[in-house]
Amino acid sequence: PDVCCDAPCYDNPNGFFLAWTSMVHAIYRKVIENGGVPIHGALIERGGVGVALAGASGRGKSTCCCRLADPWRVLSDDTTLVMPARSEGFCARPFPTWGDMLRHDGTILPDVRHAVPLARLFFLEQTASDEVRPLGKGEAAAKIYASASQIFGSNLAIMERAEPGVVRVRLFDNACRLSSAVKTFALGVSLTGQFWDKIDSTLY
């Protein structure tokens, strides 16, 4: 079903922020109910295959997107919605932030209609040289849950007023299923290296 939000407050950033929060609350809720996870991460694509680059603010998601070499393509640089695919595995689609919505600099918003199969999930680390290491399913599930919590923020608290703990349990269950279905890695990114070569090494 569609989620419609009428926000007659485009000249008021505070009002717009409140309307945006209300809208994403509904969207994130629907994602979790359907077995998905909102990820605090960028989404990149190569040849129809999606890869998520997750990390807290300041870990380098946007910087990595700016440095990324062809034929990789950036779909979003901050938020990704991960959902179970119709057949098997998971698919991912880019999702804009409220900051994206407030820009008036000609920035093209992420196309939320465009979904790609999610092949790999990487958690960014700042390192002296580019490196990659696989994560166990338990560590991966914990990191996925933490990543979702970073962008959910007050939304979880709002939900829990009516359903204490229920949403968190469902979200963690979804994170566990995602960690079992999609190979997850820690990706060390240096200032001058070609980190995308490390991504390629896990795909081919």
Side-chain angles (χ1 to χ4, degrees), residues 24 27 31 36-135 139-140 143-144 146-148 150-151 175 178-204:
V24 298
I27 293 173
V31 167
V37 181
I39 296 290
H40 190 190
L43 180 62
I44 61 177
E45 174 189 18
R46 176 179 176 176
V49 173
V51 168
L53 305 176
S57 298
R59 283 296 177 94
K61 298 184 296 296
S62 296
T63 300
C64 285
C65 289
C66 290
R67 292 176 53 198
L68 199 64
D70 291 335
W72 285 99
R73 185 166 68 102
V74 177
L75 301 183
S76 64
D77 69 355
D78 189 75
T79 305
T80 298
L81 301 183
V82 179
M83 296 288 295
R86 292 182 178 178
S87 54
E88 61 180 16
F90 283 79
C91 63
R93 66 181 69 239
F95 196 69
T97 64
W98 73 277
D100 291 333
M101 303 296 288
L102 288 175
R103 291 177 183 169
H104 300 286
D105 57 2
T107 299
I108 299 176
L109 295 176
D111 184 359
V112 298
R113 299 167 298 178
H114 181 63
V116 291
L118 184 63
R120 298 289 185 269
L121 175 56
F122 294 89
F123 284 90
L124 299 178
E125 299 176 351
Q126 296 174 353
T127 53
S129 60
D130 295 336
E131 56 190 48
V132 64
R133 65 176 176 86
L135 298 179
E139 183 179 3
K143 285 182 174 291
I144 292 168
S147 181
Q150 288 165 12
I151 59 171
L178 176 56
S179 70
S180 294
V182 177
K183 292 183 178 179
T184 305
F185 301 82
L187 177 64
V189 179
S190 67
L191 292 174
T192 58
Q194 296 180 328
F195 66 89
W196 49 90
D197 289 340
K198 296 298 181 181
I199 295 176
D200 285 341
S201 71
T202 71
L203 292 169
Y204 307 105

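Between the side chain of T79 and the main chain of P96, no donor-acceptor pair closer than 3.5 Å is present. Under the 3.5 Å distance criterion, the side-chain polar atoms of R67 are matched with a main-chain donor or acceptor of G193. Side chain of D77 to main chain of S62: no donor-acceptor pair is present (N/O by atom type, distance under 3.5 Å, no hydrogens or angles). In this structure, the side chain of T127 engages the main chain of S129 through a donor-acceptor pair within 3.5 Å. A donor-acceptor distance shorter than 3.5 angstrom exists from the side chain of R93 to the backbone of V112, with no hydrogens or angles considered. A donor-acceptor distance shorter than 3.5 angstrom exists from the side chain of K61 to the backbone of A56, with no hydrogens or angles considered. Side chain of S147 to main chain of I39: no donor-acceptor pair is present (N/O by atom type, distance under 3.5 Å, no hydrogens or angles). At distances below 3.5 Å, at least one donor-acceptor pair connects side-chain atoms of Q126 with backbone N or O atoms of G58.
Contact check for F122 versus T202: side-chain heavy atoms found under the 4.5 Å cut-off. You'll find the side chain of C91 stays beyond 4.5 Å of the side chain of L118, heavy atoms only. Side-chain contact between V182 and V82 is absent, with no heavy atoms from C-beta onward closer than 4.5 Å. Inter-residue side-chain proximity for R120 and I199 is flagged as unmet; no heavy-atom pair is nearer than 4.5 Å. Contact of the R46 side chain with the D200 side chain is registered, since non-hydrogen atoms from C-beta on lie closer than 4.5 Å.
Across all their heavy atoms, P94 and S76 have their closest contact at CB-CB, 3.4 Å. Scanning all heavy atoms of the two residues, the minimum distance from V189 to C64 falls at CG1-SG, 3.9 Å. Minimum interatomic distance between S190 and D130 (heavy atoms only, all atoms of both residues): N-OD1, 2.8 Å. Here the shortest heavy-atom pairing between A85 and E88 reads CB-O, 3.2 Å. P117 approaches G48 most closely through the heavy-atom pair CD-O, 3.2 Å.
In this structure, CG in L121 is found 10.5 Å from CG in L43, a value given to the nearest 0.5 Å. Distance check: W196 CH2 to D70 CG gives 10.0 Å after rounding to the nearest 0.5 Å. Distance SG/C65 to CG/L53: 6.0 Å, rounded to 0.5 Å. Rounded to the nearest 0.5 angstrom, I144 CD1 and T184 OG1 are separated by 4.5 Å. Atom CZ of R59 sits about 8.5 Å away from atom CG of L124, to the nearest 0.5 Å. Between atom CZ of residue R133 and atom CZ of residue F185 there is a gap of 11.5 Å, rounded to the nearest 0.5 Å.
The residue from I151, T80, L75, I27 that alone fulfils the side chain to side chain contact (heavy atoms under 4.5 Å, CB included) condition with F95 is I27.
Around the CG atom of L203, the shell of radius 6.0 Å holds more than 12 heavy atoms that belong to other residues, nucleotides or ligands.
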>> For a side chain to side chain contact (heavy atoms under 4.5 Å, CB included) check, start with the C-alpha distance between F90 and V37, then their side-chain angles and the critical distance, and finish with the verdict.
In response: CA-CA 10 Å; F90 283 79; V37 181; 5.9 Å; no
